[in-house]
Amino acid sequence: MLHIHILQDTFFKSSTAFSETLNSGQKSLIKAGTKLPIKSYSRQNNHYSVKLAAEQGSVGKAGFFFDDHVQVEEIRGVWLTNVDSDILKSKDNLKAGLEKLKNLGFNTLYLVVWNKGYVFFQSQIADNVFTADKEKLKKVNLEKELVGRDLLAEIIEINQTEKYNFRIIAWFEYGLMVPPAAPLFAQKPDWFMLTHQQKNTVDGDGNCRLNPAHPEVKDFWVSLIREVVKNYEIDGIQLDDHFAIHHAKLLPNGTKIFDFSMGFESFTIKLFQKETGSVSPLSNPQLAKFKDWRKEKLTQLVRLIFKTIKAEKDDCILSISPNPLRFSVDHALADWEAWEKEGLIEELALQVYRPTVPIFEGEIDKSEVKAAREHIPTVIGILTGLRPSDRRVNFQLIQAQTQETRERDFAGFAYFFYSSLLDHIPTTETVADREKKLAQILATDQFV
């Protein structure tokens, strides 16, 4: 859980009005030196709009602090995924990993709860939709140690028992992306999109994509997220870069290939024509109106998810972890800038996975990133490595990118991912040396 630190005597207020204009029921005096746990925050009119963990006088839990009178604790996050990772393979591994993270100074966990068309929590919704036995899950290379376990319950229990006070964000890692061998695809083929040739359900990344325009898909996602928010003590839901519609495959030289553009099945085309009166996009996969329409369908689902979360638990946030904007819009039709401006997202964890510091700086200095951070906590995602293990990032680059993030006073940072940060690291380092260096980075309290 994050904390807000009170720098001088100030008021926790029911509005952003000057405190002297408010009556005693609309403000509560908070003394300098106080540290209050908070569930979420955003910026508004030179104030922090804050949801506290506990009520403060007659104002309650939701209110405002003048920003010059307070500091908010830095977000120090890490993604915990089942892919290429050992930490989730047993409860003992999980206990040891969380203890290590706490001792190092982390305060936020982005825990995978959906991956490869499979859930890592107890879900009646998923059970009602598809059957996923161990033999079927072998086809998608799902680790056998994870099948049947409630990882979300396990991590919540450890967090509460050990009083670690991590923020726990339930991360729907694979988003709308599902491997073609997944039981969900086999049992619900009509839920998935086709390429514009109407022959292939596999996109340019070798995966299938759930159709956000399909009413049953929308109901599945909303019900699944409502179930998590209702049944588990979590701080938020996170959608990532795969919560998307594959629009164009982008080559390293910037060339766009539309052969794998998705959303051309007859159901979607008929719906598009009915709602817009436009011609069929089959002859032109780049049709601007069809691109904008599909982008809006994705936005509508995000809007529905946000409303569902808030109806169930108002202090549970919606976080997203997309790619930088231009790629996100062109490649995935995920316009997170529009979502942020509409107030649909309450935390942006931007994936800035870049191989050099100058390129990294160029991304985090873009105008849309600066604009987002003026409204909501903006966390910079820093790559620590991908699989295979020879694609690990050296610590010098990790440290430099962390420093650049801090110098710009972002809300914090998050490392992708635990295994490449702390377990399977470059052969030029030892785990003990890596932990020592990381502890030095995190040893000093950092505030926004």
Side-chain angles (χ1 to χ4, degrees), residues 1-5 35-42 48-54 61-62 70-81 87-88 94-95 97-114 120-121 151-173 225 228-240 306 309-310 312-321 345-351 373 376-382 402 405 410-418 421 442 445-448:
M1 187 173 293
L2 298 179
H3 292 82
I4 192 164
H5 294 238
K35 185 172 73 170
L36 299 172
I38 62 176
K39 300 289 287 184
S40 63
Y41 74 93
S42 60
Y48 281 108
S49 174
V50 177
K51 291 179 182 176
L52 301 174
K61 293 183 179 181
V70 298
Q71 288 180 320
V72 179
E73 184 180 2
E74 171 187 68
I75 294 172
R76 301 169 171 184
V78 62
W79 279 282
L80 306 180
T81 177
I87 185 174
L88 303 181
L94 193 53
K95 287 180 178 179
L98 295 193
E99 181 180 12
K100 183 183 295 185
L101 290 171
K102 184 63 179 180
N103 290 338
L104 286 170
F106 287 92
N107 58 27
T108 298
L109 307 177
Y110 299 104
L111 173 69
V112 60
V113 296
W114 163 262
F120 300 109
F121 59 93
L151 291 178
L152 187 51
E154 289 181 19
I155 205 168
I156 290 171
E157 178 190 358
I158 296 169
N159 192 42
Q160 293 176 345
T161 300
E162 301 298 331
K163 296 181 172 57
Y164 288 152
N165 293 319
F166 287 116
R167 293 170 74 229
I168 297 177
I169 310 295
W171 170 39
F172 285 77
E173 181 180 6
I225 288 174
V228 175
V229 175
K230 180 179 180 179
N231 295 340
Y232 294 88
E233 287 296 321
I234 58 172
D235 297 284
I237 296 290
Q238 186 177 83
L239 310 175
D240 81 347
F306 175 79
I309 293 171
K310 294 303 159 185
E312 196 63 51
K313 193 179 297 181
D314 186 58
D315 61 6
C316 184
I317 70 167
L318 177 58
S319 170
I320 64 164
S321 56
I345 57 175
E346 297 161 290
E347 178 189 270
L348 173 65
L350 188 65
Q351 297 181 27
R373 58 177 290 189
I376 60 174
T378 299
V379 176
I380 300 301
I382 296 172
T402 304
T405 300
F410 279 98
F413 54 88
Y415 294 130
F416 184 82
F417 58 107
Y418 178 92
L421 178 68
L442 303 176
D445 285 342
Q446 191 81 10
F447 302 96
V448 179

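The model shown is predicted, which means the values in this text are computed figures rather than measured ones.
- Counting heavy atoms from C-beta outward, Leu88 and Leu94 have side chains that approach closer than 4.5 Å.
- Between Trp114 and Phe172, the angle of the ring planes lies from 30° to 60°, which puts this pair in the tilted group.
- A cation-pi contact, defined as under 6.0 Å to the ring centre and within 45° of the axis, links Lys102 to Phe166.
- Between the CE atom of Met1 and the CD1 atom of Ile168 there is a distance of 10.0 Å, given to the nearest 0.5 Å.
- The side-chain heavy atoms of Ser42 and Tyr48, taken from C-beta on, include no pair separated by under 4.5 Å.
- The CG atom of Leu421 sits 10.5 Å away from atom CG of Leu80, with the distance rounded to the nearest 0.5 Å.
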Check your understanding: Passes side chain to side chain contact (heavy atoms under 4.5 Å, CB included), Gln71 versus Lys35? Steps please.
Key -> CA-CA 10 Å; Gln71 288 180 320; Lys35 185 172 73 170; over 6 Å; no
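- Taking all atoms of both residues into account, the shortest heavy-atom contact from Gln351 to Ser321 is NE2-O, 2.6 Å.
- In plain terms, the two heavy atoms of Val113 and Leu152 that are nearest each other are CG1-CD2, 4.2 Å.
- Looking at Phe417, Phe413, Tyr418 one by one, the single match for ring pair (Phe, Tyr, Trp, His ring centres under 6.0 Å) with Tyr415 turns out to be Phe413.
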Practice item. For the pair Lys313 and Glu233, evaluate side chain to side chain contact (heavy atoms under 4.5 Å, CB included) and give the outcome as yes or no after the intermediate values. Key: CA-CA 10 Å; Lys313 193 179 297 181; Glu233 287 296 321; 4.3 Å; yes
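- A heavy-atom distance below 4.5 Å is found between the side chains of Leu101 and Val78.
- Between the side chain of Asn107 and the backbone N or O of Ile75 there is no donor-acceptor pair closer than 3.5 Å.
- For His3 and Glu73, the side-chain atoms include at least one donor-acceptor pair closer than 3.5 Å.
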Check your understanding: When you look at Leu98 and Glu162, which way does the side chain to side chain contact (heavy atoms under 4.5 Å, CB included) test go after all the steps?
Key -> CA-CA 10 Å; Leu98 295 193; Glu162 301 298 331; over 6 Å; no
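- The two residues Gly236 and Cys316 come nearest to each other via the heavy atoms CA-SG, 3.6 Å.
- Summarising the geometry, atom CD1 belonging to Ile225 is positioned 15.5 Å from atom NZ belonging to Lys230; distances are rounded to the nearest 0.5 Å.
- Residues Thr378 and Arg373 bring no donor and acceptor atom of their side chains to less than 3.5 Å of each other.
- Put simply, CD1 on Ile155 and CD1 on Ile87 are 7.0 Å apart, with the number rounded to the nearest 0.5 Å.
- Minimum interatomic distance between Ile376 and Ile345 (heavy atoms only, all atoms of both residues): CG2-O, 3.7 Å.
- To the nearest 0.5 Å, atoms OG (Ser40) and CG (Asp235) are separated by 9.5 Å.
- Here Trp79 and Tyr110 bring their ring centres to under 6.0 angstrom of each other.
- A donor-acceptor pair under 3.5 Å is absent between the side-chain atoms of Glu173 and the main chain of Val112, judged by distance alone.
- Classification of Glu74 and Arg76 as a salt-bridged pair holds, one side-chain N sitting under 4.0 Å from a carboxylate O.
- To the nearest 0.5 Å, atom CG of residue Leu111 and atom CZ of residue Phe121 are 11.0 Å apart.
- Considering all non-hydrogen atoms of both residues, Val228 and Ala170 come closest at CG1-CB, 4.1 Å.
- Salt-bridge check for Asp315 with Lys61: failed, with every basic side-chain N at 4.0 Å or more from each acidic carboxylate O.
- In this structure, the side chain of Asn103 engages the main chain of Glu99 through a donor-acceptor pair within 3.5 Å.
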Review point. Between Ile169 and Ile234, is a side chain to side chain contact (heavy atoms under 4.5 Å, CB included) present by the stated rule, with each step listed?
Key: CA-CA 6 Å; Ile169 310 295; Ile234 58 172; over 6 Å; no
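- Looking at Glu346, its side chain does come within 3.5 Å of a backbone N or O of Leu318 through a donor-acceptor pair.
- Looking at Gln238 and Glu347, their side chains come closer than 4.5 Å, going by heavy atoms from C-beta outward.
- A heavy-atom distance below 4.5 Å is found between the side chains of Phe106 and Leu442.
- Scanning both residues, Ala414 and Val379, for their nearest heavy atoms gives N-CG1, 3.6 Å.
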